[in-house]
Q: 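First the structure, which I've put down as C-alpha cells, then a few questions once you've had a look.
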Amino acid sequence: MGKTRSKETATLLVSCPDQQGLVAKIANFIYSNGGNIIHADHHTDLEAGLFLSRIEWQLEGFNLPKDLIDAAFGAIALPLKATWQLHFSDTIPRLAIWVSKQDHCLYDLLWRIRAKELKAEAVLIISNHQDLAPVAQQFGIEYHYIPITKENKAEQEAKQIEILKKAHIDLVILAKYMQVLSPQFIQQIPNIINIHHSFLPAFVGAKPYHQAYSRGVKIIGATGHYVTQDLDAGPIIDQDVVRISHRDTVADLIRKGKDLEKIVLSRAVRLHLQQRVLVYGNKTVVFG
C-alpha cells in the first residue's frame with residue numbers, strides 16, 4: 001500500500017489593494033517552496049479597489065518550517081501593502097460560549113463539537129444566570145456565573161476578560177447572551193460572534209416574535225455576525241429566513257425562529273473556524 005499523505009494544511013487569508021499579478025505571486029510563493037495548493041478562492045471588490053483571497057495548501061513536502069512561513073510570506077506581502085492571516089489545520093481553536101437562559105443554541109453547538117462537526121474545543125461557558133449550569137456539568141465544561149447589573153457591569157466585564165485571557169480563548173460565541181457588551185470589552189476581545197433573532201435590520205426591543213406576529217410578517221430570519229461597537233451592526237457572516245403563514249401562532253414563530261438561530265449560528269461558527277471569512281470595513285467575503 002502507498003503512503004498516506006498527511007492531511008495537515010496551511011491557509012492564508014490575504015487582503016490588499018488590487019493590482020496585476022496578485023494570484024500568480026501568492027501561488028508562486030507556495031509552488032516555489034514545494035507546496036501543493038488544494039483550495040484557492042479570490043474576489044476583487046472593484047468599488048473598494050481591494051483584492052481578497054483565501055488559499056490553502058498541504059504542508060507535507062513544503063520546504064519551509066511552519067514557524068518561518070509567516071515571515072517568508074511577509075517579504076512578498078509587505079511591498080503589496082497587504083494584510084494577511086496564516087492558519088494551520090492542526091490548531092484546535094478554544095471557544096467560550098456565553099448564554100443567558102435559553103439553551104437551544106448552546107446544546108446545538110455542544111453536540112456539533114462532540115460529533116466533531118465543528119473542529120474546536122468548548123473550554124468554558126459564561127452566563128449571567130445559573131439556569132444552564134446543569135448543561136455545562138452534563139458536558140464536563142467549566143461554568144462561570146457572572147451576574148450583570150448597571151452598577152457592576154465594568155467590574156464584572158473585567159472578571160470576564162481575565163477568565164478569557166487565562167483560558168487562552170480564541171473565539172467568544174454569544175449563544176443567546178442577552179446582555180450588551182461594552183466598547184471597552186470589545187476592544188480587548190477581538191473575535192466575538194453573535195446570533196441575532198432576525199434578518200437584520202430587525203424588530204428592536206423585547207419580544208421580537210410577538211412584534212413580528214402582530215405585523216403579520218411573511219418571513220422571519222436569523223443573522224450570525226461579528227460583534228463590533230455598533231450594536232447589532234457588525235460584519236455579517238451568515239443569514240437565513242423561513243416563511244411564515246397566517247396559520248402560524250406566536251409559538252410557531254418562536255419554534256421556527258429557534259431552529260433557524262441554531263442553523264445560522266452553527267454555520268457562522270463553522271465558516272469562522274474553517275478560516276473562510278475575511279472582514280474588510282464592515283463587510284465580509286465568505287469563501288466557499
Q: Could you check if a side-chain atom of Ile146 sits within less than 4.5 angstrom of a side-chain atom of Glu155, using non-hydrogen atoms only?
A: no
Q: Going by distance alone, is a donor N or O of one side chain under 3.5 Å from an acceptor N or O of the other, for Gln239 and Thr223?
A: yes
Q: Could Asp90 and Lys7 be called an ion pair, given the rule that one side-chain N must be under 4.0 Å from one carboxylate O?
A: no
Q: Side chains of His197 and Glu261: do they bring a donor and an acceptor to under 3.5 Å?
A: no
Q: Under 4.0 Å between a side-chain nitrogen and a carboxylate oxygen: does that hold for Arg54 and Glu56?
A: yes
Q: Give a yes or no on whether Ile76 and Val23 share a hydrophobic cluster (residues Ile, Leu, Val, Met, Phe, Trp, Tyr; joining criterion: side-chain heavy atoms under 4.5 Å apart).
A: yes
Q: So, does Lys119 use its side chain to make a donor-acceptor pair with the main chain of Ser89 at under 3.5 Å?
A: yes
Q: Do the side chains of Leu271 and Arg276 get nearer than 4.5 Å, heavy atoms only?
A: yes
Q: With rounding to the nearest 0.5 angstrom, report the CD1 to CD1 distance, Ile141 to Ile97.
A: 6.0 Å
Q: Can Ser182 and Glu157 be counted as having a side-chain donor-acceptor contact under 3.5 angstrom?
A: yes
Q: If only side-chain N and O atoms count, and only distance matters, is there a donor-acceptor pair under 3.5 Å linking Gln274 with His272?
A: no
Q: Under a 3.5 Å cutoff, is there a donor and acceptor pairing between the side chains of Asn128 and Tyr177?
A: no
Q: Answer yes or no: is there an ion pair linking Asp103 with Lys176, defined by an N-O contact shorter than 4.0 Å?
A: no
Q: Provide the closest heavy-atom pair for Val14 versus Leu278 in the form atom of the first, atom of the second, distance.
A: O-CD2, 3.4 Å
Q: Does a side-chain heavy-atom distance below 4.5 Å link Val264 with Ile195?
A: yes
Q: Could you tell me whether a side-chain N or O of Ser15 sits under 3.5 Å from a main-chain N or O of Thr83, the two making a donor and an acceptor?
A: no
Q: Answer yes when Asp259 and Lys256 have at least one side-chain N-carboxylate O distance shorter than 4.0 Å, and no when they do not.
A: no
Q: When Trp57 is tested against each of Leu12, Thr11, Asn36 for side chain to side chain contact (heavy atoms under 4.5 Å, CB included), which residue passes?
A: Leu12
Q: Answer yes or no: is there an ion pair linking Asp238 with Arg267, defined by an N-O contact shorter than 4.0 Å?
A: yes
Q: Can you tell me how far apart NZ (Lys66) and OG1 (Thr91) are? Round to the nearest 0.5 Å.
A: 6.0 Å
Q: Hey, does the side chain of Asn282 reach the backbone of Ala233 with a donor-acceptor pair shorter than 3.5 angstrom?
A: yes
Q: Might you point out which heavy atoms bring Leu110 and Ala122 nearest each other, and give the distance in Å?
A: CD2-CB, 3.9 Å
Q: Is there a salt bridge (charged side-chain N to carboxylate O under 4.0 Å, His left out) between Asp252 and Arg247? Walk through the geometry before answering.
A: CA-CA 9 Å; Asp252 292 326; Arg247 298 187 186 279; over 6 Å; no
Q: How about Gln102 and Lys258: does a side-chain donor come under 3.5 Å of a side-chain acceptor?
A: no
Q: Kindly state whether the ring of Trp98 and the ring of Tyr145 have centres lying under 6.0 angstrom apart.
A: no
Q: Answer yes or no: is there a donor N or O on one side and an acceptor on the other, between the side chain of Asn28 and the main chain of Ala24, under 3.5 Å?
A: no
Q: Between Ser100 (side chain only) and Met178 (backbone N and O only), is there a donor and an acceptor less than 3.5 Å apart?
A: yes
Q: Within the structure provided, determine whether Arg112 and Asp108 are in side-chain contact (heavy-atom separation under 4.5 Å).
A: yes
Q: Parallel, tilted or perpendicular, judged at 30° and 60°: which one describes the rings of His42 and Phe51?
A: parallel
Q: Could you tell me if the side chain of Lys101 sits less than 4.5 Å from the side chain of Gln130, heavy atoms only?
A: no
Q: For Gln156 and Lys159, does a side-chain donor sit closer than 3.5 Å to a side-chain acceptor?
A: yes
Q: So does Phe88 have more than 12 non-hydrogen atoms from other groups sitting under 6.0 Å from CZ?
A: yes
